Participant: 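Mind looking over this structure? Questions follow.
Please read all numbers here as calculations on a predicted model, not as lab measurements. Each chain gets a letter, A, B and so on, in the order its sequence line appears, and its residues count up from 1.
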Amino acid sequence: MAEKLTENLIYEILAVVEEIPRGKVCSYGQLAKLIGRDKNARLVGKVLSHAEQFGDFPCHRVVNHAGRLAPAFLNQKALLLEEGVPFKNDTHVDMKIAQWQA
DNA sequence: TCCATGACATCAA
DNA sequence: ATTGATGCCATGG
């Protein structure tokens, strides 16, 4: 029973997350806007935190607006590196290049 | 219903 | 770059 966060919302977010091309990343705000809830960036994060439980989603391709990685996602950096995402340093992605353009 | 929390965003200093 | 404050919306107790 995973659908606690408005099943509909989850579907919209995950649908977009799945669309993120390899080697690219997306910000929560950008994602929120794509699903029609530009103010619900937090919801996106909350949903993504559960996304792994719903199935296999590239939640590691989702970072905050600063290109900062998730707080409890140690493998994220390695995963993104594997996909060819350019890092500015150990904690930030080069959004300038890696941000996904929908 | 009210209050607290949150993998956020944006601005000011 | 870092910290603090404010906004925004949904969830859970």
Participant: Below 3.5 Å, can you tabulate the donor-acceptor pairs from side chains in residues 60-79 of chain A to any protein atom, sequence neighbours excluded?
Facilitator:
| residue | atom | partner | partner atom | Å |
| --- | --- | --- | --- | --- |
| A/H60 | NE2 | A/E83 | OE2 | 3.4 |
| A/R61 | NE | A/E83 | OE1 | 2.5 |
| A/R61 | NH1 | A/I20 | O | 2.9 |
| A/R61 | NH2 | A/E83 | OE1 | 2.9 |
| A/R61 | NH2 | A/E83 | OE2 | 2.9 |
| A/N64 | OD1 | A/A66 | N | 3.1 |
| A/N64 | OD1 | A/G67 | N | 3.1 |
| A/N64 | OD1 | A/R68 | N | 2.7 |
| A/Q76 | OE1 | A/A70 | N | 2.8 |
| A/Q76 | NE2 | A/H60 | O | 2.9 |
| A/Q76 | NE2 | A/V62 | O | 3.2 |

Participant: Can you tell if the side chain of A/V47 reaches within under 4.5 Å of the side chain of A/F57, non-hydrogen atoms only?
Facilitator: no
Participant: For a 4.5 angstrom cut-off between non-hydrogen side-chain atoms, does A/V44 reach A/N40?
Facilitator: no
Participant: Could you run through nucleotides 3-10 of chain B and give me one letter per nucleotide, 5' to 3': B if any protein heavy atom sits under 4.0 Å from the base, S if only the sugar-phosphate is that close, - if neither?
Facilitator: --BBBBSS
Participant: What distance do A/I10 atom CD1 and A/H50 atom NE2 have between them, rounded to the nearest 0.5 Å?
Facilitator: 9.0 Å
Participant: Could you tell me how far apart A/L31 (CG) and C/dC9 (P) are, to the nearest whole angstrom?
Facilitator: 17 Å
Participant: Could you tabulate the donor-acceptor pairs under 3.5 Å formed by side-chain atoms of residues 24-32 of chain A, not counting sequence neighbours?
Facilitator:
| residue | atom | partner | partner atom | Å |
| --- | --- | --- | --- | --- |
| A/K24 | NZ | A/I97 | O | 2.8 |
| A/S27 | OG | A/Q30 | N | 3.2 |

